[in-house]
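So you know, we letter chains A, B, ... as the sequences are listed, proteins then strands, and number each from 1.
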Protein chains: 2
Amino acid sequence: MKNTLDVVSQQFERQAVRIATRKRQSHPLAPQPNETVYLIRKGLFLARIPMPGDQHHILSILYPGDVIRSNALRPLEGADILTASETGEAWRLRWSAVEALAREDHGLECQLFDSMADLAARLALHSAITAGLTGDERVAAMMIELALRTGKETHSGLTFEMPLSRIDIAEYLALNADTVSRIASRMRSNGLIAQSSARDHLACRSLAALEDACPLAPALRRLHAAPVQPQLAI
Amino acid sequence: MKNTLDVVSQQFERQAVRIATRKRQSHPLAPQPNETVYLIRKGLFLARIPMPGDQHHILSILYPGDVIRSNALRPLEGADILTASETGEAWRLRWSAVEALAREDHGLECQLFDSMADLAARLALHSAITAGLTGDERVAAMMIELALRTGKETHSGLTFEMPLSRIDIAEYLALNADTVSRIASRMRSNGLIAQSSARDHLACRSLAALEDACPLAPALRRLHAAPVQPQLAI
DNA sequence: CGTAGATTTGAGTTCTGTCAAATTTTGTGG
DNA sequence: CCACAAAATTTGACAGAACTCAAATCTACG
């Protein structure tokens, strides 16, 4: 996982429209023409697509530093990104402008290529998780992802953000919301997770125990474990 | 869907290692370092990852013109591409070489960006299909994809390639092989599909009827319907 | 023509989805 | 700070879709 935030932000600073968002605010990912790019600056976002019958499917959780180009979700009409955290910040750009910058700056070009490969890797892993694992394993996978991305050591163990509702989790993991609830209850009674003092947060006694509950934990670790914490460059 | 084959092939001609493959031949997608890129030239390939318990998950069917960079499947150890057709041809390159060429040739750079967005779009749609649709709808989705990509009008209807075994289909659609068999039998008795004279081919009376059986058919059409047939440039 | 491998199909099981009722949490105003 | 209403979550009972296992059938190929 490369941290694109530092490298990319400086180049984009002039071209970008800054957007401060509140929880549950949606921003469209319109396909071409007028293709847009979002750079996530702060907070967690969800990349969503509408599904038949008033449902959604959440393709990925987006973290600060992620760059998403609307063409990457092109065939899926109505795709958007949704703020999951209480507040977030994203920068909106035109793809044409991003591309022009990339042509001038080789470092930026590399970061964009890597960032797009990273999105593909994330989608691939997510596909493997929802396609090949049981409900319990999928929920464990999501907890591991959020623990690796946002976890902090506290007195009650590794505490991490859980800004998704039961319905969000269900749409992310291709499960039913009731089933998610059942699985979470089971994990609570097994001692795998515990309610944190802070709202929207969970705590886990031992990340290793969570990882034991998910066969794809090594892949999650390779993708989400950050060698360094992202630093806001501007 | 942009046709990258023409544009990309000419640039890559000197750098590429040409590989002629037979059915079921596997080529590794090794992660960095020594990152590789494959350009599909002829035949259908499957992008696979190993799953716990001797299974595989097929992430995508690859068609001529597709470019796949091993980093796009980075966290998933053991990923490979598998020849699905009787014979195929792929070109293997170093990512560093591809990137160097892209820096010199703006058209190539655009094609690479679009090709990577296309892969992401394919993974996203596939994720939506396996996550949100019933078994019957998933099988219909795969038939629509192959019909749009390889279909040809014949006296017995639209005939298309079906180079995947039951197990391949199951691994692509996140179903059990037995279930795939049951669904295919049902579609045959409903007249949706018929065995073609040629082996490894199926025929469908009406693509519209297939599309009625799959809620995500419009997205499949947007992604896979080719405005022009790919032309081999070299 | 016979064998090895793949596919089909049946019977029974399991996991997840559906629906509804009970409970908890959240937000608002006194 | 408390009370209340609205929303979200939990949980039980049941139904249904898909999985597992095994036997029968078909196909490819020597």
Side-chain angles (χ1 to χ4, degrees), chain A residues 22-24 51-57 82 84-86 129-142 162-190 192-202 213-215, chain B residues 22-24 51-57 82 84 86 129-142 162-190 193-202 213-215:
Chain A
R22 292 169 312 180
K23 191 163 190 156
R24 303 257 113 205
M51 292 290 282
D54 248 18
Q55 304 246 308
H56 287 267
H57 176 58
L82 188 75
S85 308
E86 285 302 329
I129 287 169
T130 56
L133 304 187
T134 67
D136 296 58
E137 291 165 346
R138 290 182 222 178
V139 174
M142 190 197 58
M162 175 52 69
L164 313 208
S165 72
R166 308 295 145 187
I167 293 174
D168 292 333
I169 298 172
E171 290 178 343
Y172 183 48
L173 298 176
L175 289 170
N176 179 280
D178 296 343
T179 303
V180 169
S181 193
R182 255 179 274 272
I183 293 170
S185 299
R186 219 177 301 153
M187 291 173 83
R188 238 175 280 129
S189 66
N190 291 348
L192 271 180
I193 54 168
Q195 219 68 244
S196 169
S197 52
R199 260 175 285 292
D200 285 357
H201 280 69
L202 287 178
C214 177
Chain B
R22 292 167 311 179
K23 190 163 190 156
R24 303 258 112 203
M51 293 288 283
D54 248 18
Q55 304 246 306
H56 287 268
H57 176 57
L82 188 75
E86 285 303 328
I129 287 169
T130 55
L133 304 187
T134 67
D136 295 60
E137 291 165 345
R138 289 183 222 178
V139 174
M142 190 196 59
M162 175 52 69
L164 313 207
S165 72
R166 309 294 143 186
I167 293 173
D168 292 333
I169 298 173
E171 290 178 343
Y172 184 48
L173 299 177
L175 289 170
N176 180 280
D178 298 343
T179 304
V180 169
S181 192
R182 257 179 272 273
I183 293 171
S185 299
R186 218 177 300 152
M187 290 173 84
R188 238 175 280 128
S189 64
N190 291 347
I193 54 168
Q195 218 68 243
S196 169
S197 51
R199 260 175 285 291
D200 284 0
H201 280 70
L202 288 178
C214 176

Enumerate the protein-to-nucleotides 21-26 of chain C contacts in which both atoms are nitrogen or oxygen and the separation is below 3.5 Å.
none

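Atom CG in B:L175 sits 12.5 Å away from atom CZ in B:R166 (nearest 0.5 Å). Atom CE of A:M142 and atom OH of A:Y172 lie 8.0 Å apart (nearest 0.5 Å).
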Subject >> Heavy-atom protein contacts under 4.0 Å, nucleotides 16-24 of chain D, coded B base, S sugar-phosphate only, - none >> reply: --SSBBB--
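Under the side-chain contact (heavy atoms from CB on, under 4.5 Å) criterion, B:H201 pairs with B:T159, B:E161, B:S196, B:A198, not counting sequence neighbours. Checked against side-chain contact (heavy atoms from CB on, under 4.5 Å), A:Q195 has the following partners two or more places apart in sequence or in another chain: A:R188, A:L202. Here A:A194 pairs with nothing under the side-chain contact (heavy atoms from CB on, under 4.5 Å) rule; sequence neighbours left out. Not counting sequence neighbours, the partners of B:R24 by the side chain to side chain donor-acceptor pair (under 3.5 Å) test are B:D168. Considering only residues two or more places apart in sequence or on other chains, A:D200 meets the side chain to side chain donor-acceptor pair (under 3.5 Å) condition with A:K23.
Sorted by residue number, the members of residues 162-169 of chain B with any non-hydrogen atom under 4.0 Å from DNA chain C read B:S165, B:R166.
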Determine all donor-acceptor pairs shorter than 3.5 Å in which one atom belongs to a side chain in residues 129-141 of chain B; sequence neighbours excluded.
unit_1: B:T130; atom_1: OG1; unit_2: B:H126; atom_2: O; d: 3.1
unit_1: B:T130; atom_1: OG1; unit_2: B:S127; atom_2: O; d: 3.3
unit_1: B:T134; atom_1: OG1; unit_2: B:E137; atom_2: N; d: 3.3
unit_1: B:T134; atom_1: OG1; unit_2: B:E137; atom_2: OE1; d: 3.4
unit_1: B:D136; atom_1: OD1; unit_2: B:R186; atom_2: NH1; d: 3.2
unit_1: B:D136; atom_1: OD2; unit_2: B:R186; atom_2: NH1; d: 2.8
unit_1: B:E137; atom_1: OE1; unit_2: B:T134; atom_2: N; d: 2.9
unit_1: B:R138; atom_1: NE; unit_2: B:L133; atom_2: O; d: 3.0
unit_1: B:R138; atom_1: NH1; unit_2: B:L173; atom_2: O; d: 2.9
unit_1: B:R138; atom_1: NH1; unit_2: B:A174; atom_2: O; d: 3.0
unit_1: B:R138; atom_1: NH2; unit_2: B:L133; atom_2: O; d: 3.3

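Within the structure, a side-chain polar atom (N or O) of B:S185 is placed less than 4.0 Å from OP1 or OP2 of C:dT9.
Put simply, CE on B:M187 is 17 Å from C1' on C:dT7, counting in whole angstrom units. The CG atom of A:L173 sits 18 Å away from the P atom of C:dC15 (whole-angstrom rounding). Straight-line distance from the NZ atom of A:K23 to the P atom of D:dA7: 17 Å, rounded to whole Å.
Across all non-hydrogen atoms, the minimal contact from A:A184 to A:I193 is O-CD1, 4.2 Å.
In this structure, the helix from C:dC1-D:dG30 to C:dG30-D:dC1 shows an angle of 50° between the axis at its start and the axis at its end, each fitted on 5 base pairs and rounded to 10°.
Between B:I169 and B:M162, the closest side-chain pair of non-hydrogen atoms falls below 4.5 Å. Taking 4.5 Å as the limit, every side-chain heavy atom of A:E171 sits out of range of all side-chain heavy atoms of A:L164.
The list of side-chain hydrogen bond (donor to acceptor under 3.5 Å, both in side chains) pairs with a residue in residues 173-182 of chain A, not counting sequence neighbours, is empty.
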